[in-house]
Amino acid sequence: MSLSGPSVSAGGRTARRAFDFGRTYVVKPKGKHQATIVWLHGLGDNGGSWSQILETLPLPNIKWICPTAPTRPIRLFGGFPSTAWFDVAELSEDGPDDVEGMDAAALHVANLLSTEPADVKLGVGGFSMGAATSLYSATCFISGKYGNGDPYPVNLSAVVGFSGWLPAAKFESRYHIYLESNLYFVCFCLISVSLSCIVAVSRSFSDRVASNEATSRAASLPVFLAHGTADDVVQFKFGEKSGQKLSSSGFNDVTFKSYRGLGHYTNPQQINDFCNWLTAKLNLEGK
């Protein structure tokens with residue numbers, strides 16, 4: 001499937017960069033269909049690997065949709081291609097943030113959810129870069145629009161992030177965070193290699209949740225974050241600070257779970273906590 005995102009041509013006119021998404025894997029519900037969740041893989045992975053895991057979960061009321069990200073050159077890797085939801089440019093505070101790529105990924109998620117039955121609850125989740133994309137989708141839902149200003153069309157009932165980070169959030173203590181400001185924020189993009197980069201972005205996360213309607217959406221949207229304390233790819237402190245940033249920005253239903261000694265992967269306790277949380281938040285019948 002090919003989607004396009006806006007970009008500016010040399011003549012100053014708006015052009016569109018196409019994003020070709022890979023195969024989408026679907027895990028059908030084994031019981032009554034009550035929820036559909038799009039699950040996003042990490043950098044370099046594909047939807048098939050996570051669909052095999054999700055199929056084994058004791059959540060018979062959920063339909064899982066597991067898309068595969070576009071294969072694109074990653075500037076951080078010197079242009080080497082990889083499946084990725086968005087590009088990462090450089091290990092620098094001044095590196096550009098790929099809002100266009102994140103918008104295209106969030107649009108793809110929304111399109112996948114848009115054809116689901118009206119009585120089915122909708123959600124998005126992911127691992128690592130997939131978790132970052134899921135949280136970005138949450139900010140689009142809260143603000144009611146993508147980063148490019150186009151309206152966001154889907155109502156989300158749950159957002160999940162494993163071993164990820166919140167894009168467009170500033171974590172460095174030397175930067176002051178004011179919810180009412182228009183300061184530039186910085187996000188830590190620590191992707192599925194043992195590298196970290198600080199990417200400057202041109203709008204504040206907090207500005208995206210500033211309106212009354214957005215405040216109401218943020219207050220009622222359940223978010224589940226899980227992170228291992230021994231994660232050497234996306235460091236634990238960045239996942240923890242992502243949860244803190246969400247909570248301080250009006251997200252009143254954020255659950256952050258830490259797992260001692262866990263690296264950049266999942267374990268049975270994390271999966272069990274995740275299943276229990278989804279069952280409770282989505283009021284799943286379990287049959």
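Keep in mind it's a predicted model, so treat the numbers as computed, not measured.
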Verify, without hydrogens or angle tests, whether [X] (side chain) and [Y] (backbone) share a donor-acceptor contact under 3.5 angstrom.
| X | Y | answer |
| --- | --- | --- |
| K121 | S157 | no |
| N61 | G286 | yes |
| S242 | W165 | no |
| S143 | K145 | yes |
| T83 | P70 | no |
| S137 | A106 | no |
| S247 | Q244 | no |
| S134 | G125 | yes |
| K30 | E55 | yes |

Candidate list W50, W85, F127, test ring-ring contact (aromatic ring centres under 6.0 Å, His included), partner H41, passing option: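 Passing option: W85.
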Of F251, F236, W277, F224, the residue whose pairing with F256 passes ring-ring contact (aromatic ring centres under 6.0 Å, His included):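 Exactly one pass, corresponding to F236.
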R75/D98 under salt bridge (charged side-chain N to carboxylate O under 4.0 Å, His left out): CA gap, chis, key distance, verdict: CA-CA 11 Å; R75 284 178 286 174; D98 186 16; 5.7 Å; no
K32 atom NZ, over 12 foreign heavy atoms within 6.0 Å: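 Counting other residues, nucleotides and ligands, NZ of K32 stays at 12 neighbours or fewer.
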E285, CD atom: more than 12 neighbouring heavy atoms under 6.0 Å: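 Correct, the count exceeds 12.
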Cation-pi, F19 ring and R72 (6.0 angstrom, 45 degrees):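 Judged by the rule, R72 and F19 form no cation-pi pair.
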Plane angle bin for F274 and F162 - parallel if under 30°, tilted between 30 and 60°, otherwise perpendicular: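 Ring orientation of F162 relative to F274: perpendicular.
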With D103, the side-chain hydrogen bond (donor to acceptor under 3.5 Å, both in side chains) member among Y152, Y146, Y136: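 When Y152, Y146, Y136 are each tested with D103, the side-chain hydrogen bond (donor to acceptor under 3.5 Å, both in side chains) holds only for Y136.
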Side chain to side chain contact (heavy atoms under 4.5 Å, CB included) partner of L221, chosen from L156, D253, N252: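 For L221, the side chain to side chain contact (heavy atoms under 4.5 Å, CB included) test succeeds with only one of L156, D253, N252, which is L156.
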